[in-house]
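Remarks on the structure that follows.
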There are 2 protein chains.
Amino acid sequence: MFKFAARKILGLTKDTTTEKKIKEAAKAVFYSKGFEGCSSREIAQAAGLNVALVNYYFRSKNKLFQEIFSEALDEFVGSMVQIFQTELSLIEKLTIFIEKEFDFLARHPELPNFIINETNRDENCAIDESKYFNKVQETGVFEQMKLAQSKGEMIEIDIASVILLILSNCQYPVMSKNFMQSIMPIPNEQYALLLQSHKAHVIEMLVNYLFKTKI
Amino acid sequence: MFKFAARKILGLTKDTTTEKKIKEAAKAVFYSKGFEGCSSREIAQAAGLNVALVNYYFRSKNKLFQEIFSEALDEFVGSMVQIFQTELSLIEKLTIFIEKEFDFLARHPELPNFIINETNRDENCAIDESKYFNKVQETGVFEQMKLAQSKGEMIEIDIASVILLILSNCQYPVMSKNFMQSIMPIPNEQYALLLQSHKAHVIEMLVNYLFKTKI
DNA sequence: ACTTGTTTTAAACATTTGTTTAATATAGTT
DNA sequence: AACTATATTAAACAAATGTTTAAAACAAGT
């Protein structure tokens, strides 16, 4: 019955290319259509395989999704942490983070909408509440902010607000592309250009506002 | 066969409470679960009616959805236009718009995610590409911006970028509530407070940046 | 060649889906 | 009261869904 489950737990799978194929296909399909927007068969077909194989390797559509989703979150928070844990100044961290985030999102434009969306669909899918928070906290970036605030280098503002300001201005422009194009006449190529110039505005605006230091 | 369609076209429906009940129920269900996240039967049940009635009044789930969605967009753009067409200064318009948008979104927190999401799901659902753009353009707010820019009162920035800055900072904080709560430990009541103080930051930041005029 | 354990497939299963049908109830008109 | 058009319902339909089963293909060891 649960042979493969046991094997997986014991780490005995030979990590076959099939499993990876399914995961890659599932990733692509889930990202663009969401959990409820696609079927198991669609994923199997995208991987060029039988439906039963999907459940053979991942037990259920739900389980497969959870794995993909949690890796998406990992990747997402990971890129944040990667920059925060450097020894740069806050302004540098902020600037570089926004730069990287815009570039990253240009390559994975479906990701933010996917995460926001699925977090809203199933509130329980918030995995390990504190796991990600701790990761970020361990970088010491919060202390760095509080220190800067006490020294008057940074404005008094809730740290959650800072996160919100950053994510809002990085992610929303990507998520809302189709919506923006439905209320304003902007062809695809031009939207990419818009994002580039928008990035510069976001950086300047946030740095100026948070640090009261003209660039 | 298409009796009711003919009646609707001819405006002969007595606008029964049943039709409204279905629409209200559909609105609530679609908003919170999206088109693919719910079934016709779920909508019927929420309205306390038979499934067949939903199709009797709206022909299909798709058609019902289109009606709801396009009204959501109307409402959304309408509130924008309402403020833009006043005789206020740009700074006042911006400030009031953000104030109202935050209040509006506090009452309809599912709306932005719903619109963004469904616009991404079916790119064809972008109804009447120019309709909304014209509505906004007719308010003359774009000319007002260009004038302010030529007078040096406002920074040089693409108007699409301005829209993006505003919507990003108003909508994302609401859309991402569940996501934020899964990476930071913020209870519900506190998140509402956070949004209030965040609103003030957004106003100050945007006014300062766009108009180079300290409040 | 036989056995054993793993991978893959086609087919089946029970539910759920959007939609339609055919019958019943309701109300208004003559 | 009978007729008619509308409103509502229960039941049915075909298609799609997530999942399981049972059999086949494959590989490795003996």
Side-chain angles (χ1 to χ4, degrees), chain A residues 1-26 29-30 32-69 118 121-122 125, chain B residues 1-26 29-30 32-69 118 121-122 125:
Chain A
M1 177 63 81
F2 44 89
K3 288 179 213 159
F4 54 90
R7 292 198 315 107
K8 272 192 115 179
I9 289 167
L10 297 169
L12 298 178
T13 60
K14 43 177 182 164
D15 200 20
T16 141
T17 153
T18 305
E19 184 169 352
K20 272 186 192 161
K21 260 197 283 185
I22 296 177
K23 213 163 185 174
E24 282 310 304
V29 177
F30 278 144
S32 73
K33 305 205 176 186
F35 178 74
E36 283 158 333
C38 70
S39 68
S40 308
R41 280 167 180 82
E42 192 173 351
I43 293 172
Q45 196 170 351
L49 299 165
N50 193 290
V51 207
L53 262 191
V54 173
N55 282 347
Y56 176 73
Y57 278 98
F58 296 92
R59 320 221 28 177
S60 75
K61 184 191 178 190
N62 227 310
K63 189 84 176 43
L64 170 57
F65 177 80
Q66 293 298 340
E67 238 172 89
I68 304 268
F69 180 76
E118 302 299 334
R121 182 177 60 84
D122 179 12
C125 82
Chain B
M1 174 66 79
F2 45 89
K3 289 179 210 159
F4 55 88
R7 290 197 316 108
K8 275 192 112 179
I9 289 168
L10 297 169
L12 299 179
T13 60
K14 43 178 181 163
D15 199 20
T16 142
T17 153
T18 306
E19 183 168 353
K20 272 184 190 162
K21 261 197 282 185
I22 297 176
K23 213 163 184 173
E24 282 311 304
V29 176
F30 277 145
S32 73
K33 305 203 174 187
F35 178 75
E36 283 159 333
C38 70
S39 68
S40 308
R41 280 167 180 82
E42 193 173 349
I43 293 171
Q45 197 170 352
L49 299 164
N50 194 290
V51 207
L53 262 191
V54 174
N55 282 345
Y56 177 73
Y57 279 98
F58 297 92
R59 319 220 30 178
S60 74
K61 183 191 179 190
N62 228 310
K63 188 86 177 42
L64 171 57
F65 176 80
Q66 293 300 340
E67 238 171 270
I68 304 267
F69 181 76
E118 302 298 334
R121 183 178 59 84
D122 180 10
C125 81

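Sequence lines set the chain letters: A, B, ... in the order given, protein chains first and strands last, and positions in each chain run from 1. Any value given below was found using the heavy atoms of this structure, including those in side chains, with hydrogens, waters and symmetry copies removed.
- Taking side-chain N and O atoms only, A:S39 has no distance below 4.0 Å to OP1 or OP2 of D:dA16.
- In this model, a side-chain donor or acceptor of B:R41 finds a partner on the base of C:dT19 within 3.5 Å.
- Remark: C1' of D:dT9 and NZ of B:K21 are 14 Å apart, rounded to the nearest angstrom.
- Ranking C:dT8, D:dT20, C:dG18 by closeness to the A:N55 side chain, first place goes to D:dT20.
- In this structure the side chain of B:K33 never reaches within 4.5 angstrom of the side chain of A:E36, judged on heavy atoms.
- A:Y56 has no side-chain polar atom (N or O) that falls below the 4.0 Å cut-off from OP1 or OP2 of C:dT6.
- At D:dG18, none of the side-chain N or O atoms of A:S60 fall inside 4.0 Å of OP1 or OP2 (strictly under the cut-off).
- Atom CD of B:Q66 and atom CD of B:E118 lie 9.5 Å apart (nearest 0.5 Å).
- The stretch residues 43-54 of chain B touches DNA chain C through B:V51, B:A52, each having a heavy atom within less than 4.0 Å of the strand.
- Within the model, atoms NZ of A:K21 and OH of A:Y57 stand 9.5 Å from one another, a figure rounded to the nearest 0.5 Å.
- The phosphate of C:dT8 (OP1 or OP2) has a side-chain N or O of A:T18 nearer than 4.0 angstrom.
- Geometric assessment of A:R121 against the ring of A:F30 yields a negative cation-pi assignment under the 6.0 Å and 45° thresholds.
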